[in-house]
Amino acid sequence: MTHALIIGASGGIGSAVAQELERRGVSVTGLSRSGNGLDVTDEASVEEHLGRLEGPYDLIFCATGALEIDGASPEKTIRDLTPKAIADQVALNAIGPAMVLKHAIRLVPRREAAVMAVLSARVGSIGDNGLGGWYSYRTAKAAVNQLVHSAAIEFGRTHKKLSCVALHPGTVETAFTAKYADNHPTVSAAEAAGRLCDVFEQLTPAHSGRFFDYAMKEIPW
């Protein structure tokens with residue numbers, strides 16, 4: 001990798017990945033809401049900001065997302081579910097990355113190796129869901145996985161050396177995850193970034209359209 005574009009570069013994971021890539025000698029361009037005014041839930045904003053870039057980038061990583069939006073915590077029961085909570089989650093965690101994929105594909109090379117990766121979460125796996133709950137967040141992450149899978153099929157027709165994947169970073173120590181980690185092992189943003197960058201370096205077109213964790217282990221849909 002020589003040139004990377006990080007969407008959500010001011011967030012905990014996005015900023016750590018940007019720093020790790022730079023440490024590895026990669027030139028990084030970062031975009032975010034706080035730094036540049038990019039709103040991934042607004043297609044016009046995505047089109048405007050990505051339209052200013054020339055590329056090509058051999059890595060585009062969409063690290064946007066949120067566990068809580070407007071104070072709505074992950075639901076313990078379906079009785080807690082509201083239309084606004086699920087709509088907000090889908091807008092940010094699924095539609096946003098989809099718009100990034102839509103407007104960023106022109107920025108990756110057609111004939112050279114490249115990676116497009118979207119931050120997902122293991123809780124978006126239907127096959128791995130044995131606990132229930134977290135309706136809005138799970139649904140949004142399951143949706144983004146489907147969007148990535150479909151985009152990978154389409155992109156593969158014109159970008160033969162592209163790997164387009166969904167990635168689970170593990171439980172990362174951030175202000176948002178602190179009260180939900182329970183007894184789950186957590187890692188620092190810097191450690192998570194290092195593991196994700198290792199995954200970026202291992203990805204090939206054979207991995208495109210699939211869902212992996214930080215250790216390059218495939219997660220069921």
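Both backbone and side-chain heavy atoms feed into the values below; hydrogens, waters and symmetry mates do not. In this text the structure is predicted, and so the values were computed from the model without any measurement. Nothing fancy with the numbering, it's 1 onward along the sequence.
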Once you round to the nearest 0.5 Å, how far does [atom1] of [X] lie from [atom2] of [Y]?
X      : Y      : atom1 : atom2 : result
Leu203 : Cys164 : CG    : SG    : 10.5 Å
Asp42  : His49  : CG    : NE2   : 10.0 Å
Ser208 : His159 : OG    : NE2   : 11.5 Å
Glu22  : Ser27  : CD    : OG    : 8.0 Å
His3   : Glu54  : NE2   : CD    : 12.5 Å

Determine whether [X] and [Y] make a side-chain contact, defined as any pair of heavy atoms from C-beta on separated by less than 4.5 Å.
X      : Y      : answer
Glu154 : Thr158 : no
Leu53  : Leu31  : yes
Ile6   : Val28  : yes
Ile7   : Leu50  : yes
Leu38  : Arg33  : no
Val187 : Arg195 : yes
Arg122 : Asp128 : yes
Trp221 : Ser125 : no

Should the pair [X]-[Y] be classified as a salt bridge under the 4.0 Å nitrogen-to-oxygen rule?
X     : Y      : result
Asp70 : Lys84  : yes
Glu47 : Lys102 : no
Arg24 : Asp198 : yes

- Checking Leu162, Leu59, Val100 against Met116 for side-chain contact (heavy atoms from CB on, under 4.5 Å), the one that qualifies is Leu162
Keeping [X] on the side-chain end and [Y] on the backbone end, is there a donor-acceptor pair under 3.5 Å?
X      : Y      : value
Lys160 : Glu112 : no
Arg138 : Val123 : yes
Ser163 : Pro205 : no
Arg110 : Arg106 : no
Asn93  : Ala66  : yes

Could you tell me whether the side chains of [X] and [Y] share a donor-acceptor contact shorter than 3.5 Å?
X      : Y      : answer
Ser10  : Ser34  : yes
Ser136 : Glu75  : yes
Glu173 : Ser188 : no

If hydrophobic clusters are built by linking Ile, Leu, Val, Met, Phe, Trp and Tyr wherever their side-chain heavy atoms come under 4.5 Å apart, do [X] and [Y] end up in the same one?
X      : Y      : value
Val46  : Val148 : yes
Leu196 : Val26  : yes
Val115 : Phe155 : no
Leu101 : Val40  : yes
Phe61  : Tyr214 : no

- Item | Verdict with reasoning, Leu67 to Trp134, per side-chain contact (heavy atoms from CB on, under 4.5 Å) | CA-CA 10 Å; Leu67 183 57; Trp134 287 42; 3.4 Å; yes
- Item | Pair Thr171-Thr186, side-chain hydrogen bond (donor to acceptor under 3.5 Å, both in side chains): steps then yes or no | CA-CA 5 Å; Thr171 303; Thr186 60; over 6 Å; no
[X] versus [Y], closest heavy-atom pair with distance:
X      : Y      : value
Ser45  : Gly37  : OG-O, 3.6 Å
Asn145 : Ala166 : OD1-CB, 3.5 Å
Gly209 : Val165 : N-CG1, 4.4 Å

- Before giving the answer on side-chain contact (heavy atoms from CB on, under 4.5 Å), spell out for Met1 and Glu201 the whole-Å C-alpha distance, their side-chain angles and the decisive distance to 0.1 Å. CA-CA 8 Å; Met1 293 180 291; Glu201 293 176 351; 3.7 Å; yes
- Would Val108 and Ile60 count as a side-chain contact (heavy atoms from CB on, under 4.5 Å) if you check the C-alpha gap in whole Å, the side-chain angles of each, and the deciding distance to 0.1 Å? CA-CA 8 Å; Val108 298; Ile60 296 179; 3.5 Å; yes
- Query: Between Tyr135 and Thr77, does a side-chain contact (heavy atoms from CB on, under 4.5 Å) hold up when you go through it step by step?
  - Reply: CA-CA 8 Å; Tyr135 288 91; Thr77 168; 5.6 Å; no
- Task: Determine whether the aromatic ring centres of Phe212 and His207 lie less than 6.0 Å apart.
- Result: yes
